[in-house]
Structure formats: C-alpha cells, structure tokens
Amino acid sequence: MPRWSHVVVHHSWTGDSTLADTVAIRNFHTAYRQWGNIITEDQYYALRDENAKGLSRPWQDIGYHWLVERLSDNRPWVIKGRSMMKHGAHCRDAGMNRKGIGVCVVGNFDIAPPPEDIFEETADFVAWLCRMYRIPVENVHGHRDFANKSCPGEKFDMDYFRERVAEYLEVWTPSG
C-alpha cells in the first residue's frame, strides 16, 4: 500500500460542464493516444511500427485519486478516481505518483480562477486528506511545483489554497 506524504493538486485544463467530466477524463486516460488525441489500438501499433512520436498507451485507470467538479445540481462534488490502494499516474516528477495523492479540479484555471465554491470544497477535502494521512500543509503542492507546467492553473493561488487548507485543518484537528 502506498505511504502518502503529499497532496498534488491539478486542473483538468478543460471547461467544467454539468455532466460528469470525470467519465471523459477516465476514458481519455484509459485510451491509446497520440499527441493528446485518442486513437484506436490498431492505429497505435501502426504508428509505433513507423516510429511515430507522441504515442501513449492506456493507463490502468484514471490518473488521479480524487476529482472535484460541478454536476447537474450545480454543486461541487468530490468524486473518487483511482483507488487509494494504488499509486497515481498524475505526476511522475519527484516520485509524486508513489507518494502524492492526486486531486484534480475540473476546469481550466489558466483562463480564470476557480469558482469560490469549487475552491472551498477542494480546500476542505484536501484538509480532510491531510488529517486522514497525517500530511502537513507544507506538503500540499500544485503539479507546477514539480514539472514545467502551469497546473493547477496560473490563476489558481496555491499559497492562498494552503492557507485555506490550514484553516479547515484547525476545524478537523481537535485542540489539546
């Protein structure tokens, strides 16, 4: 079983709709791909035989352990992704797939900041993860802290996010 010591926050880099975007993300992660486009298995092997670049094999499951998105009732929901008993497939840099819980917030936060209710739901949930797995707030990171990416988005304020996680942790952690 993995020993979780970090939380790595991501964004889907897609717009959020009232449908379960998690399903589309899972379908993408578990498909053959070239340069981010889903292709058939036959296309994959033909392109591989031609030494084509940008090919990806399907993953066993969605790469993230948890996702936060807005559904048809217009409320933010935390949705289970990959089993917590399995390493992630969300951030190979610094070994984060093996020690970091992957949390993906559905949306593109390079364009606009996350809606307040989504941001707060995510902070509350990450505080719960920190409490459950005894992860210190300083080990809550954005994917960009480990890779040359903007993830979880240029307009996702990780410092403020950690502040909110710490405030929620005060509620989750009994004093004394």
Side-chain angles (χ1 to χ4, degrees), residues 1-71 77-114 118-119 122 125-126 129 133 135 138-159 161:
M1 180 171 139
R3 291 191 173 264
W4 304 117
S5 60
H6 293 72
V7 175
V8 182
V9 181
H10 302 264
H11 69 151
S12 63
W13 210 52
T14 60
D16 192 6
S17 70
T18 56
L19 302 174
D21 297 285
T22 299
V23 174
I25 295 167
R26 178 174 269 120
N27 288 343
F28 178 78
H29 285 181
T30 59
Y32 289 93
R33 303 176 301 281
Q34 183 184 29
W35 300 118
N37 297 308
I38 293 175
I39 59 175
T40 67
E41 183 177 3
D42 289 341
Q43 288 172 316
Y44 172 86
Y45 285 107
L47 289 165
R48 187 192 70 173
D49 290 346
E50 296 169 8
N51 294 318
K53 302 288 184 208
L55 294 173
S56 298
R57 294 178 51 84
W59 299 345
Q60 292 176 351
D61 195 359
I62 195 166
Y64 313 109
H65 296 97
W66 300 96
L67 296 96
V68 181
E69 68 172 309
R70 186 179 312 285
L71 295 178
W77 286 86
V78 176
I79 299 171
K80 186 180 179 307
R82 181 179 284 241
S83 168
M84 291 295 293
M85 298 294 284
K86 294 182 179 178
H87 295 121
H90 57 91
C91 180
R92 78 177 77 182
D93 303 283
M96 285 298 135
N97 281 338
R98 300 185 80 67
K99 60 186 175 183
I101 300 168
V103 176
C104 179
V105 185
V106 175
N108 183 346
F109 309 121
D110 282 340
I111 295 171
I118 296 285
F119 189 85
T122 307
F125 180 69
V126 168
L129 288 172
Y133 294 97
I135 297 170
E138 56 269 16
N139 284 2
V140 174
H141 294 279
H143 188 186
R144 65 179 169 236
D145 295 334
F146 304 106
N148 187 21
K149 299 179 178 288
S150 66
C151 189
E154 294 173 4
K155 300 196 185 293
F156 194 108
D157 185 338
M158 281 304 300
D159 290 329
F161 183 75

[atom1]/[X] to [atom2]/[Y] distance, rounded to the nearest 0.5 angstrom?
| X | Y | atom1 | atom2 | result |
| --- | --- | --- | --- | --- |
| Ser150 | Asn108 | OG | CG | 7.5 Å |
| Phe109 | Ile118 | CZ | CD1 | 7.0 Å |
| Leu129 | Trp4 | CG | CH2 | 10.5 Å |

Determine the interplanar angle of the [X] and [Y] rings, folded into 0 to 90°, and report it as parallel if under 30°, tilted if 30 to 60°, perpendicular if over 60°.
| X | Y | result |
| --- | --- | --- |
| Phe146 | His141 | perpendicular |
| Tyr64 | His10 | tilted |
| Phe119 | Phe161 | perpendicular |

Any side-chain heavy-atom pair from [X] and [Y] closer than 4.5 angstrom?
| X | Y | value |
| --- | --- | --- |
| Val126 | Ile135 | no |
| His11 | Cys151 | yes |
| Leu55 | Arg33 | no |
| Arg26 | Asp61 | yes |
| Arg70 | Val106 | no |
| Lys80 | Thr22 | no |

Is a donor on one side and an acceptor on the other found under 3.5 Å between the side chain of [X] and the backbone of [Y]?
| X | Y | value |
| --- | --- | --- |
| Gln34 | Lys53 | yes |
| Asn139 | Ser5 | yes |
| Arg98 | His87 | no |
| His29 | Gly63 | yes |
| His65 | Lys86 | yes |

- [ ] Starting from the C-alpha separation in whole Å, work towards a yes-or-no answer on side chain to side chain contact (heavy atoms under 4.5 Å, CB included) for Tyr32 and Gln43.
- [x] CA-CA 9 Å; Tyr32 289 93; Gln43 288 172 316; over 6 Å; no
Task: Minimum heavy-atom distance Ser12-Gly107, with the two atoms named - done: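 Nearest heavy atoms, Ser12 then Gly107: OG-N, 2.9 Å.
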